[in-house]
There are 2 protein chains.
Amino acid sequence: MSDNTADFGVRDRAPRRLRTDARRNIESLLEAAKTVFSTAGVDAPAKEITDLAGVGVGTLYRHFPQRSDLIKAVIEREIDACADAAPALAAAHEPGVALAKWLDRFTAFVATKRGFAAALHSGDPAFDGLPGYLMQKLGPALESLLDAATASGEVRARVGAQDLLYAVAKLCAPMPDEEPDYGRRMVALLVDGLRSGESPH
Amino acid sequence: MSDNTADFGVRDRAPRRLRTDARRNIESLLEAAKTVFSTAGVDAPAKEITDLAGVGVGTLYRHFPQRSDLIKAVIEREIDACADAAPALAAAHEPGVALAKWLDRFTAFVATKRGFAAALHSGDPAFDGLPGYLMQKLGPALESLLDAATASGEVRARVGAQDLLYAVAKLCAPMPDEEPDYGRRMVALLVDGLRSGESPH
DNA sequence: TCGTTATCTGGAAACTCTTTCCGGAACTAT
DNA sequence: ATAGTTCCGGAAAGAGTTTCCAGATAACGA
């Protein structure tokens with residue numbers, strides 16, 4: 001806790017190259033965790049994950065000192081994947097279509113990964129950085145898509161990228177037995193407001 | 001699960017009058033739990049609650065066989081309080097004002113009680129009944145307020161009470177470090193849509 | 001290639017909560 | 001008051017997480 005080795009997360013920052021077996025194990029753990037989380041939920045016992053990854057518990061806790069660190073890492077990784085999808089979509093479609101498709105992608109992520117909503121609302125300070133991370137990674141992505149769509153006249157901007165991002169994230173968070181398209185419907189309502197609304201009053 | 005004794009929760013239905021000390025203890029536990037939950041979060045150790053309530057752990061588990069049962073009971077109790085507030089507001093204000101005030105009340109409940117969002121998104125099947133309970137209790141309350149406001153011409157209904165209820169509940173669920181009025185702002189956006197929107201297309 | 005050194009690994013043990021259990025206390029009805 | 005239930009309290013069992021460290025393994029210089 002002094003000066004040189006205060007690194008918590010595993011991603012970014014390379015104060016010192018990791019040993020190759022360590023890197024390989026981290027990879028296995030993240031992959032296994034992703035699988036187990038989506039199968040048995042984020043509360044699945046750690047043992048299940050380490051077994052699937054083929055490592056001991058000690059290895060898990062060496063790289064992810066707290067259970068929440070593992071969850072955080074998995075989610076951040078999925079956020080990254082979502083961000084990475086934006087440029088490809090922008091390149092392959094009309095601005096309006098690209099925006100819609102990306103929102104779909106994002107919606108699917110939020111709706112599918114129950115762990116994301118759970119982590120966000122858990123109240124555990126360990127996850128406090130997550131919205132910031134999401135904003136930082138996805139904000140620019142959405143903004144550029146939004147700008148392009150606005151420029152091409154297909155959308156009239158009334159809310160910022162951040163507000164929209166959060167609103168979609170919240171509206172699409174899964175709730176027990178709600179109609180499967182509820183989230184999408186509500187997002188459509190918002191986007192309708194975006195694209196055709198005269199400002200009220 | 002057959003015919004006569006399949007009661008899980010503690011509230012409503014009286015197959016047999018509870019002993020007075022039992023009822024008193026249940027009351028203490030619910031009160032203590034409410035306090036502790038809002039102080040230390042819903043993950044606070046059970047010991048803390050039983051100590052505050054002045055009972056042993058055994059007593060807690062006699063009345064709330066699972067930890068989630070206690071959380072559920074506390075939340076249901078707060079939902080009840082919210083529902084009970086509607087008639088008074090309707091009696092004391094103009095329809096439009098009553099609606100706004102009640103939405104404020106509901107918003108505050110969702111925004112303040114982090115445990116509610118946490119339970120809802122936890123993925124634990126124990127909480128599956130909660131949205132239904134919320135709908136059942138708050139749906140009629142909101143609907144009557146909404147009807148009154150519509151009748152008096154202050155609001156043009158475009159979504160049902162259920163959709164609105166869920167949307168508000170989701171938008172106002174607290175997220176780490178978001179502007180304090182974000183939820184209220186987004187709800188306003190929705191309500192603006194409600195009150196002045198020409199239906200798009 | 002080999003020795004040296006820092007880093008990583010596995011699993012046993014310590015901990016922290018939750019949940020079960022049951023002897024004895026407390027309430028209720030008669 | 002007494003019998004008959006129903007409850008209470010807290011010890012102990014379970015379930016999961018986190019710590020710890022002796023031994024294994026990679027990295028690197030000679």
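Below, read A as the first sequence line, B as the second, and so on, with proteins coming before strands; counting in each chain starts at 1.
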Specify the separation, in whole Å, of atom [atom1] of [X] and atom [atom2] of [N].
{"X": "B:Glu48", "N": "C:dT16", "atom1": "CD", "atom2": "C1'", "answer": "13 Å"}
{"X": "B:Ile71", "N": "C:dC17", "atom1": "CD1", "atom2": "C1'", "answer": "13 Å"}
{"X": "B:Leu60", "N": "D:dC7", "atom1": "CG", "atom2": "P", "answer": "15 Å"}
{"X": "B:Ile26", "N": "D:dT6", "atom1": "CD1", "atom2": "C1'", "answer": "12 Å"}

Under the side-chain hydrogen bond (donor to acceptor under 3.5 Å, both in side chains) test, which residues partner [X], sequence neighbours left out?
{"X": "B:Arg19", "value": "B:Asp21"}
{"X": "A:Lys72", "value": "none"}
{"X": "B:Asp124", "value": "none"}

Does a side-chain N or O from [X] land closer than 4.0 Å to OP1 or OP2 of [N], or not?
{"X": "B:Asn25", "N": "D:dC8", "result": "yes"}
{"X": "B:Thr59", "N": "D:dC7", "result": "no"}
{"X": "A:His63", "N": "C:dC8", "result": "no"}

Got a sec, which pairs hit ring pair (Phe, Tyr, Trp, His ring centres under 6.0 Å) with one end in residues 19-46 of chain A, sequence neighbours left out?
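Residue pairs with at least one partner in residues 19-46 of chain A: there are none.
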Donor-acceptor under 3.5 Å (B:Lys137 side chain, B:Ala83 main chain)
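Not at all, since once roles are kept as given, no pair shorter than 3.5 Å links the two residues.
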Summarise how protein sits on nucleotides 17-30 of chain D as a single string, 5' to 3': B when a protein heavy atom is under 4.0 Å from the base, S for sugar-phosphate-only contact, - for no contact.
SBB-----BSS---
Pairs under 3.5 angstrom only: tabulate donor-acceptor contacts from the side chains of residues 95-109 of chain B to other protein residues two or more places apart or in another chain.
{"residue": "B:Trp102", "atom": "NE1", "partner": "B:Cys82", "partner atom": "O", "Å": "3.2"}
{"residue": "B:Thr107", "atom": "OG1", "partner": "B:Leu103", "partner atom": "O", "Å": "2.7"}

